[in-house]
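Both counts, for ligands and for their atoms, begin at 1 and track the order of listing.
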Amino acid sequence: MCVAGATGRMGSTLIREAVARGFRIVGAVAAKEDPNINRTLREAGICDLDVRIVDPLRIPEAVKDADVYVSFTTPEAEAANLPVVADLGKKIVMGTTGFTDEQMRKIKDAVSSRVPAVFSPNYAIGVNILFRLLRMMKVFPAGYDFSIVEIHHSGKRDAPSGTAKKIGEIISEVRGYTSISYGREGLNARKPGELEILAVRAGGVPGVHEIIIAGPYEMIRIEHTAFSRSVFAQGALYAVEWVYKQERPGIYSMDDVLGGL
Ligand SMILES: NC(=O)c1ccc[n+]([C@@H]2O[C@H](COP(=O)([O-])OP(=O)(O)OC[C@H]3O[C@@H](n4cnc5c(N)ncnc54)[C@H](OP(=O)(O)O)[C@@H]3O)[C@@H](O)[C@H]2O)c1
């Protein structure tokens with residue numbers, strides 16, 4: 001596989017997990033300003049491989065021997081790189097979050113008819129099972145409020161997290177919420193039809209998502225905590241194995257990867 005964002009928090013974790021699990025890394029891509037460009041993964045201190053880290057202009061060379069391109073970068077980088085990768089006919093696993101609707105529409109247009117690709121805002125198996133569980137929340141009677149709180153490390157660029165947005169989409173679909181409040185200040189009571197999504201940025205937290213469901217006399221709190229980035233890497237590697245076997249072009253989700261699990 002070829003890994004983009006190879007020197008980043010997720011990319012470097014993914015490379016280490018992939019090597020430990022016997023996947024073959026044949027290409028590595030980083031931002032063109034990255035000080036590790038033209039160094040090997042070994043020289044960059046990521047793993048014991050002499051694969052050279054190249055800038056995005058050299059993607060054709062980096063993916064030449066790869067079956068799958070795995071990417072954890074930035075929305076701007078994905079918008080520039082994924083159409084190139086799809087044109088080269090390489091299968092894709094992408095985990096970046098924080099896209100505008102317009103960016104995501106263009107990427108889907110460029111990829112969906114060319115190659116099989118898995119896009120997921122969260123590759124943790126537990127989070128994807130949680131997405132399924134949330135659909136059961138339909139059964140709560142009216143009068144129960146839903147709120148989402150997410151906590152991430154202070155280096156995270158986008159807020160709320162892609163996962164919190166996805167949880168919000170599912171809850172809005174099953175509970176009929178029509179608007180979202182991203183925080184409160186002053187005289188600002190909760191309005192009917194309003195879902196709450198709150199983002200906290202602190203320290204080195206890899207990711208916590210909590211769903212609070214409160215009625216007049218009781219409250220349920222469902223929380224997922226990622227202990228380390230390895231959980232996202234593990235899920236992304238399941239997606240790599242799955243997408244490798246797909247022949248039909250299209251954008252798939254982790255739900256497709258997990259199938260009947
Ligand atoms: N789906 C999931 O399970 C999951 C889990 C965790 C994180 N994420 C998402 O994954 C993304 C990356 O997260 P992170 O914590 O790893 O961030 P990060 O440490 O900032 O890593 C992103 C890396 O991509 C690099 N990059 C920028 N432009 C590039 C380009 N054109 N080509 C190749 N690489 C480029 C960045 O370089 P510079 O620093 O020089 O810009 C940086 O090294 C974020 O959107 C995050 O929300 C998803």
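Under 4.0 Å from ligand 1, not a single heavy atom of Glu33 appears. Of the heavy atoms in Pro121, only backbone atoms (N, CA, C, O) come closer than 4.0 Å to ligand 1. For Ser161, no heavy-atom contact with ligand 1 is shorter than 4.0 Å. Contacts of Ala31 with ligand 1, taken as heavy-atom pairs under 4.0 Å, involve both backbone and side chain.
Summary of contacts: the protein heavy atom closest to atom 42 (C) of ligand 1 is Gly8 CA, 4.2 Å. For atom 33 (C) of ligand 1, the closest non-hydrogen atom on the protein side is Ala30 C, 3.6 Å. At the shortest separation from atom 3 (O) of ligand 1 among protein heavy atoms lies Tyr123 N, 2.8 Å. Closest to atom 22 (C) of ligand 1, if we only count protein heavy atoms, is Phe72 O, 3.7 Å. Protein heavy atom at the shortest distance from atom 46 (C) of ligand 1 is Thr97 OG1, 3.8 Å. Among all non-hydrogen protein atoms, the one lying nearest atom 25 (C) of ligand 1 is Gly5 CA, 4.2 Å. For atom 30 (C) of ligand 1, the closest heavy atom belonging to the protein is Ala77 CB, 3.4 Å. The single protein non-hydrogen atom nearest to atom 48 (C) of ligand 1 is Gly95 O, 2.9 Å, given as residue, atom name and distance.
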Stepwise salt bridge (charged side-chain N to carboxylate O under 4.0 Å, His left out) check, Asp34 with Lys32: CA-CA 5 Å; Asp34 193 307; Lys32 76 174 186 310; over 6 Å; no

Evaluation steps, side chain to side chain donor-acceptor pair (under 3.5 Å), between Ser71 and Glu78: CA-CA 8 Å; Ser71 189; Glu78 303 298 356; 2.7 Å; yes

Stepwise salt bridge (charged side-chain N to carboxylate O under 4.0 Å, His left out) test for Glu61 and Arg58: CA-CA 5 Å; Glu61 192 184 317; Arg58 290 168 68 189; 2.9 Å; yes

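Open room surrounds CZ on Arg24; 12 or fewer heavy atoms of other groups in view lie less than 6.0 Å from it. Around atom NZ of Lys165, more than 12 heavy atoms belonging to other residues, nucleotides or ligands sit under 6.0 Å away. More than 12 heavy-atom neighbours from other residues, nucleotides or ligands sit within 6.0 angstrom of CG on Asp50. Annotation: Tyr244, atom OH; neighbour count of heavy atoms from other residues, nucleotides and ligands within 6.0 Å does not exceed 12. Few gaps surround NZ on Lys156; more than 12 heavy atoms of other groups in view lie less than 6.0 Å from it.
The heavy atom nearest to atom 16 (O) of ligand 1, considering only Gln234, Met10, Glu76, is found in Met10. With atom 19 (O) of ligand 1 as the reference point, the heavy atom nearest to it among Lys32, Glu78, Met254, Arg9 is part of Arg9. The closest heavy-atom contact to atom 11 (C) of ligand 1, among the options Asn128, Thr73, Asn122, Asp158, comes from Thr73.
Side-chain contact between Ile212 and Val149 is present, with at least one heavy-atom pair separated by less than 4.5 Å. Counting heavy atoms from C-beta on, the side chains of Arg190 and Asp145 come closer than 4.5 Å. Residues Phe23 and Glu241 meet the side-chain proximity criterion, which asks for heavy atoms closer than 4.5 Å.
The ligand atoms of ligand 1 that sit less than 4.0 angstrom from a heavy atom of Asn81 are 30 (C), 31 (N), 32 (N). Remark: ligand 1 atoms within the under-4.0 Å shell around heavy atoms of Thr7 are 43 (O). Atoms of ligand 1 lying under 4.0 Å from any heavy atom of Thr96, numbered from 1 in the order shown and given with element: 10 (O), 45 (O).
Expressed to the nearest 0.5 Å, how far CD of Glu102 lies from CD1 of Ile107 amounts to 10.5 Å.
Note on Asp109 versus Arg105: salt bridge recorded, some NZ/NE/NH1/NH2 to OD/OE distance being below 4.0 Å.
Residue contact annotation: Pro56 has a non-hydrogen atom under 4.0 Å from ligand 1. Under the 4.0 angstrom criterion for non-hydrogen atoms, Arg157 is in contact with ligand 1.
Distances between N or O atoms of Lys156 and those of ligand 1 include at least one value under 3.5 Å.
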